[in-house]
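For reference, the structure is listed below as structure tokens.
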Amino acid sequence: MCDWCIKHGEGKLWYLNAKNYARKMYRERKRAELTGKVEFDPLKLIMEQLENALKYYGTERWPTIKKQIENFCHAVHFGQVVPLEDLKAILDIAWPIARITCACRRMVYGLEDEENFYCFGIGVGMYKWERWPENYRGGVEFISPDEAKRLVEEFNKKGLVHTIWVFGTPYIGGICNCEYPVCLGIRNRVDYGIKILLKGHYVAVLDPEKCNGCRRCVARCQFGAIKYSPSMNKVVIDMKKCFGCGLCVTACPRGAIRLERREKFPAIANDW
Amino acid sequence: MPIRIEVDTEKCGNAMECKICLRVCPQRVFMMFPSTYEKYKLSERFYIRPVHAVACVLCNLCVEKCPKGAIRIITQ
Ligand code: SF4
Ligand code: SF4
Ligand code: SF4
Ligand code: SF4
């Protein structure tokens, strides 16, 4: 169990607990905003703090600065990797669901709005999207859970990692479909080790007998966890690097990879 | 080698109308931010920041391709 399951899961995976999407949480977030505890725009706030923090990367002060920025993220805005099946379960409990443009792809790739509908805003907060048009450049489109599931399947085929994001912990307000290096969650985690994006509750396990060395899984891994060995003509998965996104599983033509719960492996059970 | 990247936002103008540096940098060093952030309003201007400067490999593409000569790379 991760910290968020302990605090907000009520015996379930925290992101499958409907309370973390409920109106009450939204009200609490509003209250926090009013009392000045949480700024109105977590994203902008985090971006500024991250940029400032990165100036110290590689210096003596980095470990302290990194810890500070992580604490801040965990209180306000952080994400976790979820595999496709769990994401579909989320789409059954989160309501409403709206297609929105991806802020990272706009800021990093400069993608135009029309080609940038990669994310979902979820929860009743979305009904008030027009208050913050800059966050929702390109507008929003409310869709049914079935339509959302169809879209995430498409994103999965493309090779995008599914992540959920809190806006004022533990209110889950966003679902993204990400790739390195454009996703600032993945980039800050992989390049600088900042735990703004947490590993998921699963880990990929390979059955070497079944693997024929086709390497399809290697190209799907955004976290560099899969290596191909030419002399063995098989892959190996580094479970310490694996984020449990499941993209390699859905790509393997031989069914050689499966996802297992992280808890089963003591050395990585608490490695988020 | 410590690298400093400077973007002259005056010279750049409205980055939303160009975005060339975002597209050419192989290391995705740059990010584009809205200059204003207000309720009920879209930002009209955007500016560039070299957020991931530590990832720069000194290929110099950004300096060469920027149509306004707004990017400088300083190695110390
Ligand atoms: S996709 Fe499957 S069969 Fe192909 S290399 Fe990866 S694990 Fe082996
Ligand atoms: S090894 Fe597979 S499950 Fe793990 S991060 Fe890479 S693609 Fe995702
Ligand atoms: S010199 Fe090359 S790597 Fe460095 S910022 Fe410019 S385009 Fe990017
Ligand atoms: S290439 Fe130059 S002018 Fe164009 S957005 Fe970048 S800094 Fe501005």
With only heavy atoms counted, which part of D191(A) is less than 4.5 Å from chain B, the side chain, the backbone, both or neither?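 No part of D191(A) comes within 4.5 Å of chain B.
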Using non-hydrogen atoms and a 4.5 Å limit, figure out which bit of L184(A) sits close to chain B: side chain, backbone, both or neither.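 Only the side chain of L184(A) comes within 4.5 Å of chain B.
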How about H52(B) and Y57(A): are their ring centroids closer than 6.0 Å?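 Between H52(B) and Y57(A), the centre distance exceeds or equals 6.0 Å.
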Indicate yes or no for a side-chain donor-acceptor contact from [X] to the backbone of [Y] under 3.5 Å, with no hydrogens or angles considered.
X       : Y       : answer
R23(B)  : G110(A) : yes
R28(B)  : Y180(A) : no
E134(A) : Y37(B)  : no
R137(A) : S43(B)  : yes

Using side-chain heavy atoms (C-beta onward) and a distance below 4.5 Å, is [X] in contact with [Y]?
X       : Y      : value
M31(B)  : E51(A) : no
E112(A) : K19(B) : yes
M47(A)  : F33(B) : yes

Can you measure from CE (M107(A)) to CZ (R49(B)) and round to the nearest 0.5 angstrom?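 Here the interatomic distance stands at 13.5 Å.
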Heavy-atom contact with chain A under 4.5 Å, split by part of F30(B):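 F30(B) touches chain A through backbone heavy atoms alone.
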Interchain contact, V51(B) with chain A, by part (heavy-atom threshold 4.5 Å):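 It is both, since atoms from each part get that close.
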